[in-house]
Number of protein chains: 2
Amino acid sequence: MESVDRKPSAETEALVREVLERVADKWTLLVIEELGGEAGPRDVRFTRLLERVGGISQKMLTKTLRQLERDGLVTRKVFPVVPPRVEYRLTPLGESLGAAVCGVWEWVERHKDEVRRHRGTYDAARS
Amino acid sequence: MESVDRKPSAETEALVREVLERVADKWTLLVIEELGGEAGPRDVRFTRLLERVGGISQKMLTKTLRQLERDGLVTRKVFPVVPPRVEYRLTPLGESLGAAVCGVWEWVERHKDEVRRHRGTYDAARS
DNA sequence: CCGGATCCTCGACGATACTG
DNA sequence: CAGTATCGTCGAGGATCCGG
């Protein structure tokens with residue numbers, strides 16, 4: 001029992017949880033995924049994100065992007081033209097997070113069938 | 001139906017998102033982290049989880065554990081004694097998810113200061 | 001000790017309308 | 001096109017009580 005009572009400092013713990021919750025909301029991962037692509041980060045227009053992240057509303061996309069910007073994970077470039085043109089891009093920091101998140105994404109893709117199978121037997125066992 | 005650019009099949013996309021949303025809720029990752037530790041999976045009692053995952057309510061812990069059980073990520077062992085004793089443990093599948101999640105956890109610990117700094121300047125710039 | 005049942009709050013989120 | 005503002009809904013989640 002060399003034990004496991006190694007909690008990091010309460011402050012670290014809090015921040016870790018905070019960032020984790022930020023990342024683990026309904027849309028953030030999907031937006032990061034969309035900005036990151038496999039070919040590295042790219043500039044993506046607001047409207048394109050709206051199309052590609054299926055089901056997201058304008059409001060939530062804006063909000064998600066603001067949070068990512070605040071945390072230094074994306075940059076926002078505004079072109080002074082009409083109609084307006086705004087492009088978003090992952091920063092190196094955001095890119096590195098995308099890489100870390102990628103592990104979870106891959107896990108899901110690799111194990112989704114197994115998960116579904118478990119759900120089936122679990123549900124069957126109590127109907 | 002016309003193809004969706006470079007996305008994987010719509011069906012796969014939907015499944016991935018479904019499992020992702022399950023995993024990316026407020027408590028799941030924290031509970032998995034707590035069950036996983038670095039020394040591999042362990043049996044943990046309900047009450048201990050309640051203490052270690054700070055801030056979680058009894059209700060949400062129960063719910064989270066049921067979902068994890070349903071997805072085949074944890075096992076639940078009930079000891080027929082009074083007072084009741086229930087232990088939870090990651091399955092190999094749950095363990096593998098824990099490993100993937102670990103990457104995100106490490107990213108947060110490594111970059112938390114940078115994130116905090118960004119937030120500071122962002123907030124300062126509009127106050 | 002574990003966890004189900006209930007009640008209640010509150011914020012996430014969507015829909016819509018409006019502006020530069 | 002890219003937001004902001006406003007309103008309404010809905011369910012996540014906390015608090016509490018109870019029962020095995």
Side-chain angles (χ1 to χ4, degrees), chain A residues 14 17-32 34-35 42-71 74-89 122-123 125-127, chain B residues 17-32 34-35 42-71 73-89 122-123 125-127:
Chain A
R17 186 178 302 194
E18 189 184 336
V19 175
L20 211 51
E21 282 181 19
R22 165 63 35 85
V23 157
D25 73 352
K26 193 174 178 182
W27 300 113
T28 301
L29 290 185
L30 295 170
V31 170
I32 288 177
E34 202 49 50
L35 284 169
R42 325 159 251 158
D43 298 301
V44 186
R45 297 192 58 170
F46 185 86
T47 301
R48 181 169 176 83
L49 283 172
L50 207 54
E51 295 163 358
R52 299 287 300 248
V53 182
I56 196 172
S57 66
Q58 207 181 43
K59 175 182 160 186
M60 288 314 295
L61 179 55
T62 298
K63 184 181 175 186
T64 300
L65 289 168
R66 289 288 172 282
Q67 291 171 342
L68 291 173
E69 191 191 358
R70 181 165 108 102
D71 290 349
V74 306
T75 55
R76 178 170 178 269
K77 272 174 292 185
V78 182
F79 296 79
V81 299
V82 287
R85 177 187 185 87
V86 181
E87 289 181 353
Y88 293 90
R89 184 192 183 91
Y122 182 95
D123 292 346
R126 55 204 72 203
S127 57
Chain B
R17 188 177 300 194
E18 183 189 341
V19 177
L20 209 52
E21 283 182 17
R22 165 59 40 83
V23 157
D25 72 352
K26 191 175 179 182
W27 300 112
T28 301
L29 293 185
L30 295 170
V31 170
I32 288 176
E34 202 48 51
L35 284 171
R42 325 159 252 151
D43 298 300
V44 186
R45 295 191 61 171
F46 184 87
T47 301
R48 179 171 178 84
L49 282 173
L50 206 54
E51 296 163 358
R52 300 288 299 248
V53 182
I56 197 172
S57 66
Q58 208 180 45
K59 174 182 159 185
M60 288 314 295
L61 179 55
T62 298
K63 184 182 174 185
T64 301
L65 288 168
R66 288 290 170 281
Q67 290 171 342
L68 290 173
E69 192 190 358
R70 182 166 106 101
D71 289 349
L73 300 173
V74 307
T75 54
R76 179 171 180 268
K77 270 174 293 182
V78 182
F79 296 78
V81 298
V82 283
R85 176 189 185 87
V86 181
E87 290 182 352
Y88 293 90
R89 185 192 183 92
Y122 182 95
D123 293 345
R126 55 204 74 206
S127 57

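Just so it is clear: chains get the letters A, B, ... in the order the sequence lines come, proteins before strands, and each one is counted from 1.
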* Check the distance between D:dG3's P and A:Phe46's CZ and give it to me in whole angstrom. => 5 Å

* To do: Give the rounded distance in Å between these two atoms: CG of B:Leu61 and P of C:dG3.
  => 8 Å

* Nearest 0.5 Å please: distance from the CG atom of B:Leu35 over to the CG atom of B:Leu68. => 7.5 Å

* Residues two or more places apart in sequence or in another chain: which of them pass salt bridge (Lys or Arg N to Asp or Glu O under 4.0 Å) with B:Arg66? -> none

* Structure fact -> Of D:dG3, C:dG20, C:dG3, the nucleotide closest to the side chain of A:Arg66 is D:dG3

* Could you state the atom-to-atom distance from CZ of A:Phe79 to C1' of D:dG3 in whole Å? => 17 Å

* **Interatomic distance, A:Leu50 CG vs D:dT4 P [rounded to whole Å]** => 14 Å

* Give a yes/no on whether any side-chain N or O of A:Tyr88 is located under 4.0 angstrom from OP1 or OP2 of D:dG3. => yes

* Describe the nucleic acid contact of B:Pro84 in one word from base, sugar-phosphate, nothing, applying a heavy-atom distance below 4.0 Å. => base

* Structure fact -> A:Arg76 atom CZ is separated from D:dC1 atom C1', nearest whole Å, by 12 Å

* Asked: Can you list the residues that meet the salt bridge (Lys or Arg N to Asp or Glu O under 4.0 Å) rule with B:Arg89, with sequence neighbours excluded?
  -> B:Asp43

* To do: Mind checking salt bridge (Lys or Arg N to Asp or Glu O under 4.0 Å) for B:Glu21 and listing every partner two or more places apart, or none if nothing turns up?
  => none

* Asked: For B:Gln58 and D:dC17, what is the distance between atoms CD and P respectively, to the nearest whole Å?
  -> 13 Å

* Asked: D:dT4 P sits how many Å from A:Leu65 CG, rounded?
  -> 11 Å

* Say you draw a straight line from CD of B:Glu51 to CD of B:Glu34; how long is it, rounded to the nearest 0.5 Å? -> 10.5 Å

* Going 5' to 3' through nucleotides 7-13 of chain D, assign each nucleotide B (protein heavy atom under 4.0 Å from a base atom), S (under 4.0 Å only from sugar-phosphate atoms) or - (no protein heavy atom that close). => ------B

* For A:Arg85 and C:dG20, is the shortest distance between a side-chain N/O and OP1 or OP2 below 4.0 Å? -> no

* Which listed nucleotide (D:dG3, C:dG3, C:dC1) is nearest to the side chain of B:Thr62? -> C:dG3

* Structure fact -> Residue set satisfying side chain to side chain donor-acceptor pair (under 3.5 Å) with B:Arg45, at least two apart, ordered chain then number -> none

Identify all side-chain donor-acceptor contacts of residues 58-65 of chain A below 3.5 Å with residues at least two apart in sequence or on another chain.
from, atom 1, to, atom 2, distance (Å)
A:Thr62, OG1, A:Gln58, O, 3.0
A:Thr64, OG1, A:Met60, O, 2.7

